[in-house]
Amino acid sequence: MITIITNKDLGTGTEASQRADGRAFDELRPLKIEAGVLKRADGSAYLELGGNKVLVAVYGPRELHIRRLMQPNRAVLRCRYNMAPFSVDDRKRPGPDRRSVEISKITSEALTPAVFLEKFPRSTIDVFIEILEAEGGTRCAGITAASVALADAGVPMRDLVVSCAAGKADGQVVLDLSEVEDKDGEADVPVAIMPRTGEVTLLQSDGNLTAEEFEKALNLAIEGCKKISKEQKNAIIKRYGD
Amino acid sequence: MITIITNKDLGTGTEASQRADGRAFDELRPLKIEAGVLKRADGSAYLELGGNKVLVAVYGPRELHIRRLMQPNRAVLRCRYNMAPFSVDDRKRPGPDRRSVEISKITSEALTPAVFLEKFPRSTIDVFIEILEAEGGTRCAGITAASVALADAGVPMRDLVVSCAAGKADGQVVLDLSEVEDKDGEADVPVAIMPRTGEVTLLQSDGNLTAEEFEKALNLAIEGCKKISKEQKNAIIKRYGD
Amino acid sequence: MITIITNKDLGTGTEASQRADGRAFDELRPLKIEAGVLKRADGSAYLELGGNKVLVAVYGPRELHIRRLMQPNRAVLRCRYNMAPFSVDDRKRPGPDRRSVEISKITSEALTPAVFLEKFPRSTIDVFIEILEAEGGTRCAGITAASVALADAGVPMRDLVVSCAAGKADGQVVLDLSEVEDKDGEADVPVAIMPRTGEVTLLQSDGNLTAEEFEKALNLAIEGCKKISKEQKNAIIKRYGD
Amino acid sequence: MVIIIPEIIKESVTNLMKNGERSDDRGFDDYREISLETGVIKKAEGSARVKIGNTQIMVGTKPQIGEPFSDTPNVGVLMTNSELIPMAAPDFEPGPPDERSVELARVTDRCMREAGVLDLEKLAIVEGEKVWMIFLDLHILDYDGNLMDAAVLGSMAAIMDTKIPETRVEGDEIIIDREKMIPLPIKEKALMCTFAKIGGELVVDPSLEEEQILDARISIGMREDGSICAMQKGGMKPLTKDEIIKAVSRTQKITKNLMEHLPHN
Amino acid sequence: MVIIIPEIIKESVTNLMKNGERSDDRGFDDYREISLETGVIKKAEGSARVKIGNTQIMVGTKPQIGEPFSDTPNVGVLMTNSELIPMAAPDFEPGPPDERSVELARVTDRCMREAGVLDLEKLAIVEGEKVWMIFLDLHILDYDGNLMDAAVLGSMAAIMDTKIPETRVEGDEIIIDREKMIPLPIKEKALMCTFAKIGGELVVDPSLEEEQILDARISIGMREDGSICAMQKGGMKPLTKDEIIKAVSRTQKITKNLMEHLPHN
Amino acid sequence: MVIIIPEIIKESVTNLMKNGERSDDRGFDDYREISLETGVIKKAEGSARVKIGNTQIMVGTKPQIGEPFSDTPNVGVLMTNSELIPMAAPDFEPGPPDERSVELARVTDRCMREAGVLDLEKLAIVEGEKVWMIFLDLHILDYDGNLMDAAVLGSMAAIMDTKIPETRVEGDEIIIDREKMIPLPIKEKALMCTFAKIGGELVVDPSLEEEQILDARISIGMREDGSICAMQKGGMKPLTKDEIIKAVSRTQKITKNLMEHLPHN
C-alpha cells in the first residue's frame, strides 16, 4: 500500500471574496503576453495567465502537402494543441489524446472566422500551441496567444480573437476559473470573441447551469475577453510599435 | 476473487434432434434479408440469421485514391468486416484485429469472381460489413448480405454469391452451426458458391474431419447455400420487383 | 513467486587470458561470411561472428515511391536493422523499438560515404539487416555484412565499409566484446572504417573511458576492422572469383 | 475529403430560409421524423437504434468491472466511444476516430455526465478497488446530418434500457449474479438540441444539406428541468450573443417534446 | 504493389500445364527440393530453417509463463506470429503485418491447433493462474512461392525441436528448472499441402511464377492419419467441388512423403 | 523534407572556415551565448530552460513510483524522452518520435547514465518491487542547431533542480512524504560537446546553417574529470582518427568552461 502525505495549499479566500485565491468574482489572474519569442517560427507568442504557461508558433501561409486537405479557394487553418509531459501533476504521455484532439478542432474553429484565408488558396496556416504548464483555462490561453502569434507572423486578420472562460464555483458565477475552481466547481464556460463585433467564435459549456446563470457567465466571459484583448494589443505594440 | 453466477440457457434438443436448439441436421436458423436499408450508401442490405444481425453498405464503383492499389484493367473489390463493440458477450475493442483482417481478405476473394470488375478500370468497389450482433456464422452471413448490397448498388454481376457453413458437432455433420455448436463442436466448414455454376468461391475448414465427413459437410453447406440463395433473390424482388 | 534455477555457463578464462571465453585481448570471435544467399534480393550476405547470426538483403538501386524522401541529385541509402523475435533470450516483440531506430540511422550513415549514390538520382538503395541470433556486437556485424550484400548487388562503391567494436571489460581494453563482456563491461566502442583510407564512418562510445583508454580502444577496433575486411573480400572472391 | 456544394444550392437554401422556409418544408423548430427502438441487440446489456430522418445510429452498452480512477475511488465510470464507420458516409474512412468522431463522443459524454444522468456512486462495488464501468458505444450507420442530437437521444435510451447483474460482496469475494439483472441507477434525463445558422436564421435539426452550407452550429444539452448541462459551438463562422441566448430559450421548449420519444418508465 | 506478369508468360505456363508439364519440369504432385534443419538458433528454445526450392523461412519458438484465457483455465497457449519482412521480396514493406501475413499465421496456427499437435493441457502450471505460452515466430527470409506449406513444415519441426524448463509447484512457489529441459508434449503431427489451379489443372507446391498467374489456390492441412485439420481457399477465381475432393485425396498421398522430412524421434 | 541549401552558401561558409573564420564571427571553440534557468515549471519536480543561441529546449522531470527492471531489482530508473515538436522547425512533423528525436534522447540518456550522474541505487524503495522512475522529457521549442549539447546541458540542470518526496517503508506500507522534498542523489556531472566538420575543420556548437552543410558531426559526452562517457558520430561523410583524437582533447578544455553554466550547489 502506498500512502501519500500532502499538504497542498489551496489558498484561503479573503473575507471580501469567496474565491480561494482571493480574487473578486470578475477578476482575471495575472496576465503576461509577449510576441516574437521564437526564431524559426514565422510568428510566435508566449503567454502566462496565473500558473498557465503557453507558447504558440505559427508557420505559414505555406504549401499544403496533403492533397485531400487542400481547399481550392482558401487556406486551411490547422491547430495542434499539445501538453508538455511535465506540464501537469501526473506526467502526461506524449502524443495526442481525445481531449487534445477536441481542443485542437475547436481552437481552429475559434480562430478561422478572423483570418483572411481566402487570400491564400491551396495553402495552410499551422498553429502549434504548446502548454508548458497547465493550471486551468489552457484552451482559452492558447487561443489568446495564437492570435498574437498569427499577428506576429503577419497573417492578415479581420480582428484579434481573444478568449476567456467564466463559470460557476461555490455557487457563484465567476470569471477565469483557476484549476481548483475548474475541478471542484459546478460549471465552466469557455468563450472566444472577435472584440470589434463582439461575435462569439468559441463557446462551450461543461457543467450544470440555469439559463440565467449561463447568460451571466457568458456576459462575464465576454467582459473578460475585452480586458485580455487590451493586453494582446499591448504585446503587439511592444514588439512592433503603434 | 470474482464469482459469476450464471444460468445460461443453451436450449435442450428435442427428442427428434440432437441439436441444442431443436433444428434438424440440415435445417437453417430463421433467416431474414432486406435490401436498400441505408440512405448514403450506394447499396445496402440487412440480414438476420438466428441471432446474427448484419448490415452491409456498398460504395462504388468509385475513384480509388491510393495509387499503389490501383489496377489498370479492372476495379478492386475491397471488403471490411467489422464487429460492433456491443455485438459480442465481452465488449470488442474497436478497430481491426487479426481475425477481422483475415475475414476481410477471404470475403473479398469470395465476392470477386462474381463481379464484372473489368468494366471499371482504376476504380474501387468498397463493401463494408458491420456485425451488429454475432451468434456464430457471421462471415457467411456477411458474404450473403454483401451480394444483396452489391446488387442494390447496381454493380453488374455474373451471379449472386451466397454463403453458408456446415460442420460437425456432437459427432454429427450438421448445417449452419449456432454459436454454441461452433464453440463446442468439432469442426466448421464455411463455404460460398456461385449458385448458377455451383462453383466454390470461399472454402475454409477449421477442426478435424475425415475426408468422408468433409465431403458430407461440403455437400450440406452447398445445399444450405442454395436455400439461402432464394431468400437473397426474394429480398431483391421485394425491393425492385421481378 | 517464481524461482528460476539456472546454471548459465559463462566460460572461464584460461590463465593466459583475462577473458571469459579464453580469447586474447586483441582476438576476434570466429567469423564466417557468405555472399549471395538469397534469391529474391538483388544482393545478400550471411555472417556469423561468435554466436551472432546476421542476414542482409539489398534491394536497389530502385525507384523511390515516397516523394518527400527523394533526393534530386543522388540516391538515398535506407537501412532497417531488425531483430527476429527469437534472436534474444526474452522474446523481442516484432516491430521497431527505439534501439533499432537509432541503429538503423547510424548504419545508414556508416555505409553512405562508401557508395556512389550520385550515380542514381531520385532512387533508393534499401538495406535490410535481420539479426537471427544476437550475442553482442550485432550492429557492427550488420554493417560488415551489409557491405558484402551491397557488393553482391553490384552497387558501385569506393570501398567496403567494415565494422568492429572494442571496449573495456574487467579493467582491460579488449577487441570485439562478447555479450557477457558488453553487459558486464565498462565501455563499448563500435567503429566502422573505410579500409583504403582508414577513415571512420561509424563511431559511438557507451561507457566511461579515459582519453587514453578511448584512443587505445579506437586503435584496437580499427585493427579488428582490418582483419574482418579480409574475410569480406574472401567472401566476395569465393562467390565471384578474383 | 473536400465536398463541393454547388453555390447554387447554397443560395437557394439560404433564400428559402430568409423567407422562413426550409427545403424539406419543416418549420425552423421541427425535427425530422424520429424513431427509437430499444433492446434491439440481445448481446448488449442495453441498446437503442435511433433514427432522425435518415440519420441512423446504433448505441450499445457493455458493463465491465474495473478499477476506479484514483481521484474518485468510490464512483463508477461511464466511457463513451464513437465510431464514424465508413459505412455511414462516402467520406468516412477506416482508422482511429478522427476529430469529428472524438468531438461527438466527448460532447455526448459531457452532456450525460454533467446532467448527472447516472448516479455513479451507486456503481461502486468495493471502494477504491472495483467499480462498474459502463461502455457506451455509438455506432454511426447512416449519416444524414445532426449526429449530435441522435447520439444523445440514443445514448439516453440505451442507458435507460441497460440492465447489469446485481453484485454483492461477501468477505473477499465479489459475487456477480447474472440471474438478477437490475436497471442502471438513473437520476436525471438529458437531451441535446442542435441549431444550424444559415442566412442569419437558426434552424433546429440540420439535415446533411443544411450542415454542408451552415455558417455556424450550436448544440445545447438540457436536462428535464430546463437547465443547461452542455453546449458546443461549431462551424467556421461566429454567432452573436443574442443568437445564443435565443437558442437556449428555444431549446427549453423543443427538448420538452423531444423527451416524449424516450421510453416511459 | 501491382505486379505485372506479361500475358505471354501466363500463356506459356498455362499451355505447358495443359500438356501435363510445368515450366521447371516437375510433376503435378512434386514438391521442389526441400531442406530442413533444426536447432539452428541457440537462443531460441526451438528453431528450424526450412527451404522449399528458394523459399526460405526461419521459425523459432520462445516459451513464456503467462496467464491462461479465462474460458480455458487449465490449458497452455500456442501463439503464432508471422512477419513478411521486407528482406524476403521487393514488394514486402515494413510495418504491421498485412493481410497476407495475418492469413499465413492464422492458417498455420489453425492447422497446428486443430490437429492437436500439442497436448496443451500438459502446459498448464497452476490451473487458472499460470500456463506456458509458446510463441511461434515465422520469419520469412526469401519468398519464392508457397509460404503456407513451408510455414507449417517449419513450425512442426520447430515445435518438435523445442525444449522448455521443467516446472514444479512447491507451496506458493513455481520453480522453473532451466537445468532440466524437457521436450514439448507432442500428440500429433500435421503438415499442409497447397495446390494452385492453372489452366484447369491443380499442381502442388506452386512456385512464385505459378502463384502470380494462378486462378485459385487451395491449402489442405492434414494429420498423419489422413484426416483434414485445416483448409483455406485463396485466389480470385472459383474451384469446383470435384477439384476440391480430388485435392483432398491427392493430399493424403503427398503428405505421407512430406512427413519423411520431419525429424525422426 | 529536403532542405536545399544553395551551393553558394556552402561555398562561402567553407571558404571562411578555411581562413579560420565562422560566418557569425565566433572562434572555432566558441559556443554561442548560453542561458540557463531552472525551476521554471512549478508542476514539474525539476525543470530547466536552456538556450544556446536561438536553440531553445525546455526540460522537465516527473518522478513516478514503478517496478524495477527484473535484472536490476534494487536500482531506480531514468527514462529520457525527446519530442521534436513541430513548433521548433518548419520540417518537424507531428507524430511518433522520428529517428533524429530517438537519437537525441538515446544519446542524452547514455551520456547521463554512463557518467553515473545519478546514484540510481539510492532511488530503490523496496528491493525488487518499487523504485523511483525519473522521467526526463526534452521539449524542443526552437531548433537553430546543436540540439545535443543543449539537451545534455538542460537535462543536467533539470536533474540538479529536481526534488522528490522522501519515502520510507513502514511494514507493508510505503509512505511518500510530499511535505519533505529532497534533491536527487547526484554523483557526477557530465556535459556534451559537439563539433561539425566543414571544409576540413572541426568547429564547436554548429549553428543551423553549419549543420545543414557539415560533412560529419561528432558529439562527445564528458564528465568533470575529463573522462569520456558517451560519443556519437553523425553525418554522411567520414572523420579521420586524428580528427577524433583532437576533438577529444579540445572537449576536455571546452567542457570545463561549459560546466560553469550549471547551477552551483
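Every chain is numbered from 1, with letters handed out A, B, ... down the list of sequences. All figures in this text were calculated on a predicted structure; none of them were measured in a lab.
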*Asks:* Answer yes if the side chains of A/S100 and A/D97 hold a donor-acceptor pair under 3.5 Å, and no otherwise.
*Replies:*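 Per modelled atom types, A/S100 and A/D97 side chains form a pair under 3.5 Å.
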
*Asks:* Would you mind checking if F/R26 and F/E210 are paired as a salt bridge, meaning a charged N to carboxylate O distance below 4.0 Å?
*Replies:*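 Counted as a salt bridge, because a side-chain N and a carboxylate O are separated by less than 4.0 Å.
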
*Asks:* Top residue by heavy-atom pair count (under 4.5 Å) with chain A, among F/P86, F/G60, F/P165?
*Replies:*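 Looking at each of F/P86, F/G60, F/P165 in turn, F/P86 comes out on top.
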
*Asks:* Atom CG of F/N54 and atom CG of F/L141: how far apart are they, to the nearest 0.5 Å?
*Replies:*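 Output value for this atom pair is 12.5 Å.
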
*Asks:* Contact part of F/D177 toward chain A, heavy-atom cut-off under 4.5 Å: side chain, backbone, both or neither?
*Replies:*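 Looking at F/D177, backbone and side chain both touch chain A.
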
*Asks:* Find the one option among F/I174, F/N81, F/V40 whose heavy-atom pairs under 4.5 Å with chain A are most numerous.
*Replies:*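 It is F/I174.
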
*Asks:* Below 4.0 angstrom, N of the basic side chain to O of the carboxylate: do A/D152 and A/R239 qualify?
*Replies:*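 Yes.
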
*Asks:* Checking F/I65 against chain A: side chain, backbone, both or neither under 4.5 Å from a heavy atom?
*Replies:*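 Just the side chain, heavy atoms under 4.5 Å.
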
*Asks:* Looking at A/T3, A/L55, A/V88, A/V37, which has the largest count of heavy-atom pairs under 4.5 Å with chain F?
*Replies:*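 Going by pairs under 4.5 Å, I would pick A/T3.
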
*Asks:* Which of the residues F/D172, F/I85, F/T167 is involved in the greatest number of heavy-atom pairs with chain A at under 4.5 angstrom?
*Replies:*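 Looking at each of F/D172, F/I85, F/T167 in turn, F/I85 comes out on top.
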
*Asks:* Name the region of F/Q56, side chain, backbone, both or neither, that has any atom closer than 4.5 Å to a heavy atom of chain A.
*Replies:*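 It is the side chain, since no backbone atom gets that close.
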
*Asks:* Please state whether the side chain, the backbone, both or neither of F/Q64 comes within less than 4.5 Å of a heavy atom of chain A.
*Replies:*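 The side chain, not the backbone.
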
*Asks:* Sort A/K53 into side chain, backbone, both or neither according to what part of it lies under 4.5 angstrom from a heavy atom of chain F.
*Replies:*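 The side chain, not the backbone.
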
*Asks:* Taking NZ, NE, NH1 and NH2 as the nitrogens, is one of them in A/R80 or A/D126 under 4.0 Å from a carboxylate oxygen of the other?
*Replies:*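 Judged by the 4.0 Å cut-off on N to carboxylate O distance, A/R80 and A/D126 do not form a salt bridge.
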
*Asks:* If I take atom CG from residue A/D89 and atom CD from residue A/E179, how far apart are they, to the nearest 0.5 angstrom?
*Replies:*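 So the CG of A/D89 and the CD of A/E179 are separated by 6.0 Å.
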
*Asks:* Checking A/E48 against chain F: side chain, backbone, both or neither under 4.5 Å from a heavy atom?
*Replies:*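 For A/E48, no heavy atom lies under 4.5 Å from chain F.
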
*Asks:* How are the rings of F/Y143 and F/F92 set to each other: parallel, tilted or perpendicular (split at 30° and 60°)?
*Replies:*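 Parallel.
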
*Asks:* Select one option (side chain, backbone, both, neither) describing which atoms of A/D42 are under 4.5 Å from chain F's heavy atoms.
*Replies:*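 For A/D42, there is no contact with chain F at all, as no heavy atom is under 4.5 Å.
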
*Asks:* Non-hydrogen atoms of chain F under 4.5 Å away: do they reach the side chain of A/V127, the backbone, both or neither?
*Replies:*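 Answer is neither: A/V127 stays 4.5 Å or more from chain F.
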
*Asks:* Looking at A/Y46, does the NZ or CZ of F/R49 lie under 6.0 angstrom from its six-membered ring centre and within 45 degrees of the ring axis?
*Replies:*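 Yes, F/R49 lies over the aromatic ring of A/Y46.
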
